[in-house]
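Here the structure is laid out as structure tokens; the discussion comes afterwards.
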Amino acid sequence: EPLGEETDNGQGQARFIHPAQVKVLATFVHAVPRGQLKRAFDPKAMAKADVYPGAWDQIGLEYALGYLTRLQGLYGRASDQRQAVIVWRS
């Protein structure tokens, strides 16, 4: 849920993800096979869809795989500890 307009830095409001939602997200990101991400990685389609952070043809697949691993760790730990997560792009 949005945390309020005062958290909007021009890239959207910060969002609060409740512990129950964190558990669902943890299950989801842990189920994403790295091979599937490798097969689906399409920098041109991502540029056309304006997928953040952009410049995927320069950043590359390893960047995406690295962040998948980080997301799996973040949501896994938060879920295990029944914690909420605040998401904010800066």
Side-chain angles (χ1 to χ4, degrees):
E1 73 185 54
L3 289 178
E5 291 182 22
E6 66 276 1
T7 66
D8 191 340
N9 63 359
Q11 296 188 46
Q13 295 175 334
R15 301 191 68 83
F16 180 86
I17 303 174
H18 293 271
Q21 295 168 308
V22 169
K23 185 176 181 176
V24 170
L25 285 168
T27 300
F28 176 79
V29 296
H30 278 281
V32 175
R34 293 175 71 83
Q36 180 181 353
L37 182 57
K38 288 178 182 180
R39 288 187 301 277
F41 188 78
D42 183 347
K44 288 181 183 179
M46 293 164 76
K48 187 176 180 180
D50 197 26
V51 174
Y52 181 85
W56 287 103
D57 57 334
Q58 297 169 21
I59 293 172
L61 175 62
E62 291 305 315
Y63 179 88
L65 291 171
Y67 270 93
L68 174 61
T69 300
R70 291 177 73 181
L71 283 173
Q72 289 169 332
L74 169 76
Y75 284 104
R77 286 187 305 277
S79 176
D80 290 346
Q81 297 174 20
R82 295 179 178 88
Q83 294 181 340
V85 171
I86 295 175
V87 178
W88 185 50
R89 273 183 27 191
S90 62

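Residues take their numbers from the sequence shown, with the count starting at 1.
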Mind telling me whether Tyr63 and Tyr67 have parallel, tilted or perpendicular rings, with 30° and 60° as the class edges?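 Tyr67 and Tyr63: tilted rings.
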Pairwise side-chain contact, [X] with [Y], heavy-atom cut-off 4.5 Å (strictly under):
{"X": "Arg34", "Y": "Thr69", "result": "yes"}
{"X": "Phe41", "Y": "Trp56", "result": "yes"}
{"X": "Glu62", "Y": "Leu65", "result": "yes"}

Give me the atom names and distance for the closest heavy-atom approach of [X] to [Y].
{"X": "Leu68", "Y": "Val29", "result": "CD1-O, 4.0 Å"}
{"X": "Leu37", "Y": "Leu61", "result": "O-CD1, 4.3 Å"}
{"X": "Pro19", "Y": "Ala84", "result": "CG-N, 3.8 Å"}
{"X": "Gln72", "Y": "His30", "result": "O-NE2, 2.9 Å"}
{"X": "Ala26", "Y": "Ser79", "result": "CB-CB, 3.8 Å"}

Would Val24 and Ile17 show up in the same hydrophobic cluster when neighbours are defined by side-chain heavy atoms closer than 4.5 Å?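 No, Val24 does not connect to Ile17 through the hydrophobic network.
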So how far is it from Gln21 CD to Leu25 CG, rounded to the nearest 0.5 Å? 7.5 Å
side-chain contact (heavy atoms from CB on, under 4.5 Å), paired with Pro43, selected from Val51, Ile59, Asp57: Asp57
